[in-house]
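Structure record follows, encoded as structure tokens.
Please read these numbers as outputs of a predicted model, since none were measured by experiment.
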Amino acid sequence: AIYTTDAAGRITHFNPAAVEFSGRTPELGTDRWCVSWKLYHPDGSPMPHDECPMAIALNEGRVVGGAKVIVERPDGTRRWIRPFPSLLRDREGRVVGGVNMLVDITEGEQAERHQQLLVNELNHRVKNTLATVQSIAAQTFRGSDIDPRFPEAFEARLIALSNAHGLLTQSNWEGAEIGDVVRQTVEPHAGPERIHVRGPSVRLTPKAALAIAMGMHELATNAAKYGALSNRTGWVEVTWSVDGPEPGALNLQWAESGGPPVKKPGRKGFGSRMIERNLAYDLDGQARIDYRPEGIVCTITSPLAPPAAEVATD
């Protein structure tokens, strides 16, 4: 849809697409600023015609192009548009009118909202499933002859998994920043004064984000019980870097200091097995835990996936 106005915003010309799009025939010389019947902001609040992008361009000389606007037709139906106004000037540079192009983006908006609805529903169902698993586990553990520490550890792992799912939902499951993943996972165990987190911005795939979240949970839980976070003087350094050409390889390190002296255990527990086997497998990389006397050091290396838009498809 294309239309023109004079310097005062009065409609001077419009094409057939403008009539079809707006659901009405604009009145030349009478209608001002826009060919549409009613306008609304993206949040649904009314947009007076004299505040629309075309009016702003003519009144303020400030072109606002590509903003989202909702158009309502006389029959009540609504469409989403992106207006692209431009000013018309004479040879002396004075504004003599404007021309506006309205691009219909309704289908894209509907698809985006439908996708958001599906993601929200997925997140809701996943959380319900995790809550059901938690309830079943609690009933199963009750009265059973098992280590009393196991139910608490199992529930904590479920909560860490649920929190990671929540973080991914905020980005429609397109991925998450590694810093957000690490901080959200370790914060319940200690504050930034004892767990120092630093590294460049790295976007993780959903699979990698979940894997690292669970790995960080196991390391933080162990540190709180037996390692650097079990006393008042210890601390943890969580650092990462990216090596090689893009997308590169992620090098993540968890290093404990100031805690009780460390001895290599006689057997590996669930947490260490999960990190060195499952975490490495999920990341298609390597994970190693070193039991140094001054503190545990866990090193994780993993190839980073290219941005979603660059992933080749057959």
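When all heavy atoms of Leu279 and Gly215 are compared, the pair lying nearest together is CD2-CA, 4.3 Å. Shown here for Ser230 and Lys225, the closest heavy-atom pair between the two residues is CB-O, 3.7 Å. Counting all heavy atoms, side chain and backbone alike, Pro303 lies closest to Asp284 at CD-O, 3.3 Å. Smallest separation of non-hydrogen atoms from Gln253 and Thr299: NE2-OG1, 3.7 Å. Residue Pro83 comes nearest to Pro53 through the heavy atom pair CG-CG, 3.6 Å, listed as atom of the first residue, atom of the second, then distance. Of all heavy-atom pairs between Trp37 and Pro74, the closest is CE3-CA, 3.5 Å.
Within 6.0 Å of the NZ atom in Lys264, the count of heavy atoms belonging to other residues, nucleotides or ligands does not exceed 12. Heavy atoms from other residues, nucleotides or ligands lying under 6.0 Å from OH of Tyr291 number more than 12. Crowding of Glu294 atom CD: a count of heavy atoms from other residues, nucleotides or ligands under 6.0 Å exceeding 12. Within a 6.0 Å radius of CD in Glu60, other residues, nucleotides and ligands contribute more than 12 heavy atoms. Heavy atoms of other residues, nucleotides or ligands lying less than 6.0 angstrom from CD of Glu193 number more than 12.
Between atom CD1 of residue Ile81 and atom CD1 of residue Ile70 there is a gap of 10.0 Å, rounded to the nearest 0.5 Å. Rounding to the nearest 0.5 Å places CZ of Arg89 at 11.5 Å from CZ of Arg94. Within the model, atoms CD1 of Ile300 and CD1 of Ile275 stand 6.5 Å from one another, a figure rounded to the nearest 0.5 Å. Going from atom OG of Ser22 over to atom NZ of Lys38 covers 14.5 Å, rounded to the nearest 0.5 Å. Atom CZ of Arg267 sits about 7.5 Å away from atom CZ of Arg273, to the nearest 0.5 Å. Separating the CE atom in Met54 from the OG atom in Ser36 is a distance of 13.0 Å, to the nearest 0.5 Å.
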- Do Ile159 and Phe154 pass the side-chain contact (heavy atoms from CB on, under 4.5 Å) test, and can you show the C-alpha distance, the side-chain angles, and the key distance before you say yes or no? CA-CA 9 Å; Ile159 292 174; Phe154 182 79; over 6 Å; no
- Task: Step by step, work out the side-chain contact (heavy atoms from CB on, under 4.5 Å) result for Leu102 and Val35.
- Result: CA-CA 10 Å; Leu102 309 180; Val35 295; 4.2 Å; yes
- Task: For side-chain contact (heavy atoms from CB on, under 4.5 Å), just list the numbers for Ile212 and Leu252, CA-CA rounded to whole Å, side-chain angles, deciding distance to a tenth of an Å, and then say yes or no.
- Result: CA-CA 10 Å; Ile212 288 179; Leu252 173 65; 4.2 Å; yes
- Task: Kindly determine whether Leu250 and Leu204 satisfy side-chain contact (heavy atoms from CB on, under 4.5 Å), including the steps that lead there.
- Result: CA-CA 10 Å; Leu250 173 68; Leu204 299 174; 4.2 Å; yes
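In this structure, Val242 is a member of the same hydrophobic cluster as Val182, with clusters built from ILVMFWY side-chain heavy atoms closer than 4.5 Å. Using a 4.5 Å cut-off between side-chain heavy atoms of Ile, Leu, Val, Met, Phe, Trp and Tyr, with links allowed through other members, Val99 and Leu28 fall into different hydrophobic clusters. Under the 4.5 Å side-chain contact rule for hydrophobic residues, Leu304 and Tyr281 do not share a cluster. Side-chain heavy atoms closer than 4.5 Å link hydrophobic residues (I, L, V, M, F, W, Y) into clusters, and following such links, even through other members, never connects Val71 to Ile105. Met47 is not connected to Trp80 by any chain of hydrophobic side-chain contacts under 4.5 Å among Ile, Leu, Val, Met, Phe, Trp and Tyr, and they are in different clusters.
Distance alone, capped at 3.5 Å, is enough to place a donor-acceptor pair between the Arg32 side chain and the Ala8 backbone. In this structure a side-chain-to-backbone donor-acceptor pair under 3.5 Å is missing from Arg10 to Asp31. Between the Thr221 side chain and the His217 main chain, a donor and an acceptor come within less than 3.5 Å of each other. Thr185 places a side-chain N or O within 3.5 Å of a backbone atom of Val181 that can act as its donor or acceptor partner. Side-chain N or O atoms of Tyr3 include one that pairs as donor or acceptor with a backbone N or O of Trp33 at under 3.5 Å. Side-chain atoms of Asn15 come within 3.5 Å of backbone N or O of Ile2 as a donor-acceptor pair.
When only modelled atom types and interatomic distance are considered, Glu177 and Ser201 share a side-chain donor-acceptor pair under 3.5 Å. Of the N and O atoms on the side chains of Arg198 and Thr239, not one donor lies less than 3.5 Å from an acceptor on the other residue. At a cut-off of 3.5 Å, with distance as the only test, a side-chain donor of Thr4 or Thr12 sits close to an acceptor on the other residue.
Val238 places a side-chain heavy atom less than 4.5 Å from the side chain of Met216. Ser86 has its side chain out of reach of Val63: every pair of non-hydrogen atoms, C-beta onward, lies at least 4.5 Å apart. Considering only heavy atoms from C-beta on, His114 comes within 4.5 Å of Leu118 through its side chain. In this structure the side chain of Pro200 reaches within 4.5 angstrom of the side chain of Trp240, judged on heavy atoms. Taking the side chain as every heavy atom from C-beta outward, Asp282 and Lys207 approach each other to under 4.5 Å. Residues Leu210 and His165 have side chains in contact (heavy-atom distance under 4.5 Å, counting atoms from C-beta outward). With a 4.5 Å cut-off on side-chain heavy atoms, Phe14 and Thr25 count as touching. Here the side chains of Trp235 and Ile195 are not in contact, with every heavy-atom distance at 4.5 Å or above.
If you run side-chain contact (heavy atoms from CB on, under 4.5 Å) between Val96 and each of Thr5, Asp6, Leu88, only Leu88 comes through. Just one of Val262, Ile296, Val297 meets the side-chain contact (heavy atoms from CB on, under 4.5 Å) condition when paired with Glu256; it is Ile296.
Note on Arg203 versus Glu174: no salt bridge recorded, every NZ/NE/NH1/NH2 to OD/OE distance being 4.0 Å or above. A salt bridge links Glu218 with Arg157; the closest basic N to acidic carboxylate O contact falls under 4.0 Å. Under the 4.0 Å criterion applied to side-chain N and carboxylate O atoms, Arg73 and Asp75 are not assigned as salt-bridge partners.
For Arg78 and Tyr40, the positive end sits near the middle of the six-membered ring, less than 6.0 Å away and at most 45° from its axis.
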